[in-house]
Amino acid sequence: MSLKLHWFLPTAGDGRTIVERFHANKSQGPSAQRPADLDYLAQVARAAERLGFEGVLTPTGTWCEDAWLTTAALIRETSRLKFLVAFRPGVISPTLAAQMAGTFQRLSGGRVLLNIVTGGDAIEQRRFGDWHDHDARYARTDEFLSVVRGVWSGKPFDFAGDHLRVEGATTLAAPDPVPPLYFGGSSAAALPVAARHADVYLTWGEPPAQVAEKIGKVRELAEKEGRAVRFGVRLHTIARDTSAEAWAEAQKLLDALGPEQIAKAQSQLAASESVGQQRMVALHGGRAATTARDLEIHPRLWAGIGLVRGGAGTALVGSYAEIADLIEEYHEAGVSEFVLSGYPHLEEAYWFGEGVRPELARRGLLDEGAAAERTAPGVRAEPAVQGERAVAAQ
């Protein structure tokens with residue numbers, strides 16, 4: 001199975017470090033922070049389209065812009081790029097979500113993908129008025145997705161569950177094609193939901209052996225449901241011409257983190273109810289590190305980003321060929337989709353797209369016919385970044 005590569009829209013802002021340090025006194029150095037305005041996000045989206053990425057993930061949460069509105073605004077800024085819209089099923093009606101997805105699908109010409117985020121942080125869930133506990137949230141997600149698929153059947157749909165109830169739920173028209181559902185979760189409550197509903201099961205970037213073990217569990221559960229599920233992994237990337245250059249960049253990111261930032265982030269992450277987040281933290285254990293290599297948890301897999309960032313906390317680090325090697329290792333474990341990102345997202349898209357992607361194509365891992373269609377003349381895109389790919393948002 002050929003690989004699908006996706007990029008990321010930084011709707012919380014972008015920059016040259018994982019966590020920005022703002023300088024009140026400009027003599028201490030300029031801030032590299034780039035606001036998530038529409039012009040900059042359009043640059044990132046057009047770059048992703050130009051470079052042959054299938055789609056872009058747009059996150060959800062109180063720390064970023066709304067994914068539905070942001071991606072809808074970018075439809076006319078792109079021609080073929082798909083939008084992997086993340087949203088929380090506990091804070092929206094399933095019938096309304098089905099309607100929104102159907103509208104998006106028609107207005108975009110079939111370019112919406114849906115990322116279902118059940119939520120693992122009770123504090124954030126309560127900000128949205130959601131007081132369910134961890135397992136109840138997944139039980140509700142199970143019902144939510146049953147309703148969404150029922151609404152998409154094109155006929156009035158009735159459903160009565162422990163958490164949700166609808167009568168005659170329907171929309172203007174069923175979406176064509178039906179948007180694929182991307183779903184993640186590592187807990188015992190999450191995996192059966194993935195098996196029943198997910199088209200693509202997403203996991204954060206644990207080492208390939210751990211990913212393979214998780215894939216095996218979901219695949220077995222899905223087979224019992226009479227379903228087949230594809231698998232994807234969410235990772236950051238630091239790709240450079242040489243391994244030394246890539247690890248030097250990882251070192252810069254590590255050096256920019258202060259002890260107080262790491263301690264505060266680890267305290268917050270330790271309180272997460274998410275099993276996936278707990279597994280991410282366990283990869284580095286919050287341990288202090290002097291060199292980036294101290295946090296290399298698998299050849300070319302770096303856990304340094306997880307010191308201060310929730311969710312995806314690992315990065316592929318190395319030369320183009322080395323990163324392609326690790327991607328092949330994940331592919332052999334059962335992964336067919338990669339959702340990638342980097343700091344800054346505009347430049348890193350070019351490092352990966354111009355370096356790693358051709359290497360994957362040479363190995364026969366990409367569908368070059370589909371890629372050529374996505375990057376054909378007529379796609380509006382930014383010109384390739386030259387030199388050090390230093391295109392700053394104005």
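Computed from heavy atoms alone, side chains included, the values below leave out hydrogens, waters and symmetry copies.
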*Considering all heavy atoms of both residues, which atom of F231 and which atom of V200 are nearest to each other, and what is their separation?*
C-CG1, 4.1 Å
*So, E49 and R46, do they make that salt bridge, N to O below 4.0 Å?*
no
*Using 30° and 60° as the class limits, which term best fits the ring planes of W247 and W302: parallel, tilted or perpendicular?*
perpendicular
*For the pair Q251 and D255, evaluate side-chain hydrogen bond (donor to acceptor under 3.5 Å, both in side chains) and give the outcome as yes or no after the intermediate values.*
CA-CA 6 Å; Q251 187 66 48; D255 290 343; 2.9 Å; yes
_Aromatic ring pairing Y343/H345, orientation class (parallel under 30°, perpendicular over 60°, tilted between)_ = perpendicular
*asked:* Looking at E220, I want to see if its CD is surrounded by more than 12 non-hydrogen atoms of other residues, nucleotides or ligands under 6.0 Å.
replied: no
*Has R240 got its NZ or CZ under 6.0 Å from the middle of the six-membered ring of W351, at an angle within 45 degrees of the ring axis?*
yes
*Return the minimal non-hydrogen interatomic distance between F8 and V56, and the atom names on each side.*
N-CG1, 4.2 Å
*asked:* Once you measure the plane-to-plane angle for W7 and F53, does it fall in the parallel (<30°), tilted (30-60°) or perpendicular (>60°) bin?
replied: tilted
*What orientation do F183 and Y138 show, parallel under 30°, tilted 30 to 60°, or perpendicular over 60°?*
perpendicular
*Would you say the side-chain atoms of Y201 pair up with the backbone N or O of G185, donor to acceptor, closer than 3.5 Å?*
yes
*May I ask you to check whether over 12 heavy atoms, not counting those of R165, lie within 6.0 Å of atom CZ?*
no
*SB check R16 E249 (cutoff 4.0 Å)*: no
_Single-linkage hydrophobic cluster, 4.5 Å side-chain cutoff, F104 and L9 together_ = yes
*Has the side chain of R300 got a donor or acceptor atom that lies under 3.5 Å from a matching backbone atom of E322?*
yes
*Does a side-chain N-to-carboxylate-O contact under 4.0 Å join D199 and R230?*
no
_Heavy-atom closest pair, residues L74 and T78_ = O-OG1, 3.1 Å
*Excluding sequence neighbours, so at least two apart, what forms salt bridge (Lys or Arg N to Asp or Glu O under 4.0 Å) with R362?*
E359
*asked:* Could you check whether E354 and Y320, counting side-chain N and O atoms only, form a donor-acceptor pair closer than 3.5 Å?
replied: no
*Is D325 salt-bridged to R363, cutoff N-O under 4.0 Å?*
yes
